[in-house]
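Below is one structure, written out as structure tokens; comments come after it.
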2 protein chains.
Amino acid sequence: MLVAIGCAVAASPPKTMGELLASSAPDDWRVPDPANTLYLDLAAGRVIIELAPHFAPRHVANIRVLARAGYYDGLAITRVQDNFVVQWGDPAKPIGTAARTLPAEFTRPVDASVPFTPLASTDGYAPQVGFAGGMPAARDAAGTTGWLAHCYGTLGVGRDNAADSGGGAELYVVIGHAPRQLDRNITVAGRVLQGMELLAALPRGTGPMGFYEAPAAAVNIERVRLAADTPAAERTPIEVLRTDRPLFAQLVELRRNRADEWYKVPAGYIDLCSVPLPVRVSAPSPSGSG
Amino acid sequence: MLVAIGCAVAASPPKTMGELLASSAPDDWRVPDPANTLYLDLAAGRVIIELAPHFAPRHVANIRVLARAGYYDGLAITRVQDNFVVQWGDPAKPIGTAARTLPAEFTRPVDASVPFTPLASTDGYAPQVGFAGGMPAARDAAGTTGWLAHCYGTLGVGRDNAADSGGGAELYVVIGHAPRQLDRNITVAGRVLQGMELLAALPRGTGPMGFYEAPAAAVNIERVRLAADTPAAERTPIEVLRTDRPLFAQLVELRRNRADEWYKVPAGYIDLCSVPLPVRVSAPSPSGSG
């Protein structure tokens, strides 16, 4: 009689992202800081945005002031340009104590306290690319200057022609193929964690640059609030996969060379904006207030 | 008295795509072959697709048979996966004399009769990238095998796990960041020339892989016809910028290094799927029948 003692059956390695994530540990996930998490509430649902204070400290602080003052509440999404951006803001609306414009934060000296996970490969837009604080990022060749990259879901600060003409009263989100030519040309303030489908499916504006021509076409923003300022019962308990853990490196490799049955030829490469950045919404705790 | 004789004022070089296209000559444009142009008519408007017979001859011929037989008419768009694809087809619908499946046409021996305009730079997905027959394309290092690349607007032939399990009865269009990992894994049959905003703004499916869960959510396809089979009065007189002319090379350079007032740092690079492929609809000729 054969008795299995402490017998470990070697499971086959995960072949898909779903299988890999199913094998994740609680420590592979992080809870975004509620003070840096924005809820953009539309009639169709909630868009959740993580702000990037390490890359745009002054702009993020200003966006927080604007959100707390209710500046974004009731604004319209005024621009939806196909394969480019969704944009909102109203240059005529009073902004209270917030700044209308700020010095540009297109790039930043590298902050050693923010883990940077480089991709093994690079691309033509930057000498180094990878993930910093969970967001697609790039660095110069010396590794002393960093910036966030424009990928699907990137949140940016609209500006006019002058570099210092933006401040956060006009924001945009990328809804198409990564417009990496914007990198280092505009302040990136964060990325959408959840709800991209609500922005990306909006009707395209028919005016120049995708602006809505008829005011009635504009989509109303009900409310923009920081998660930190939102009652616990109304918060969305979201978690984001950490980009500085071995599981994320496994995920990148799984996507660089697809191993599931459908794929016949692995690409052997993955570009920065094709790397998935998984999020999950955890079930509210039974003892929670929500 | 000063008399200007044959005086040419040197105009400043174009700084934007609009300025460059305004300087184009009629020969910089081509009229897509009506026998390779599909009209996909939705209630919201017309999507115009150019087929790629040089890259997928058997699939394109089969799609033509399916269109002529009215197979696509009345089908539903059944899948809209955010940042990925829109897909339609009905595996249960009779397909008449068309083939249900065909041998894969993932790559092709290079056809010397199709001009290939390489980009100066390459990317991690292929040793050579550029434009073949006006479509984003790639080649192996030897330059003997070619394939079409998955960019925003690429039309592909859905298949199951087996390489030869597609035929054209299920088609998809890319609506997000270029999924280049699909290159060489699936048959590409063409690209959308106009009307992407009608597909890209469709509500996302909420089921797995973006399939619509409620049949009522599916979007009806009124009709798919070849331009060649469409009465002249109902055709759209579209022209496409040629990719094998000097003006196109100027366009690529203008976009590789933006020179307009807004940009502060030129990228010095452009990835394959960020190169615009302009189309224009010409006004119907006063003597035309339409």
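What's counted below: heavy atoms across the whole structure, side chains too, no hydrogens, waters or symmetry copies. Just so it is clear, the structure is predicted and the values come from calculations on it, not from any experiment. Every chain is numbered from 1 and lettered A, B, ... according to where its sequence line falls, protein lines coming before strand lines.
For the set D183(A), D160(A), N161(A), the count of heavy-atom pairs under 4.5 angstrom toward chain B peaks at N161(A). Per-residue heavy-atom pair counts under 4.5 Å with chain B were compared for I175(A), V80(A), V174(A), I270(A), and the maximum is reached by I270(A). Contact count versus chain A (heavy atoms, under 4.5 Å) is highest, among T122(B), D123(B), D271(B), for D271(B). Taking chain A as the reference chain and counting heavy-atom pairs below 4.5 Å, the highest number among R180(B), R255(B), Q181(B) is found for Q181(B).
Proximity to chain A (any heavy atom under 4.5 Å) is restricted, for Y152(B), to the side chain, taken from C-beta onward. Using a 4.5 Å cut-off between heavy atoms, S121(B) does not touch chain A at all. Proximity to chain A (any heavy atom under 4.5 Å) is shown, for R159(B), by both the backbone and the side chain. Neither the backbone nor the side chain of N257(B) comes within contact range of chain A; no heavy atom of the residue lies under 4.5 Å from a heavy atom of that chain.
Counting only heavy atoms from C-beta outward, the side chains of C151(B) and H177(A) never approach each other to under 4.5 Å.
Residues of residues 258-269 of chain A lying under 4.5 angstrom from chain B, judged on non-hydrogen atoms, are R258(A), E261(A), W262(A), Y263(A), K264(A), V265(A), P266(A), A267(A), Y269(A) in numerical order. For residues 191-205 of chain A, heavy-atom neighbours of chain B at less than 4.5 Å comprise M196(A), E197(A), A200(A), A201(A), L202(A), P203(A), R204(A), sorted by residue number.
Residues A178(A) and S274(B) approach most closely at O-OG, 3.9 Å, considering heavy atoms.
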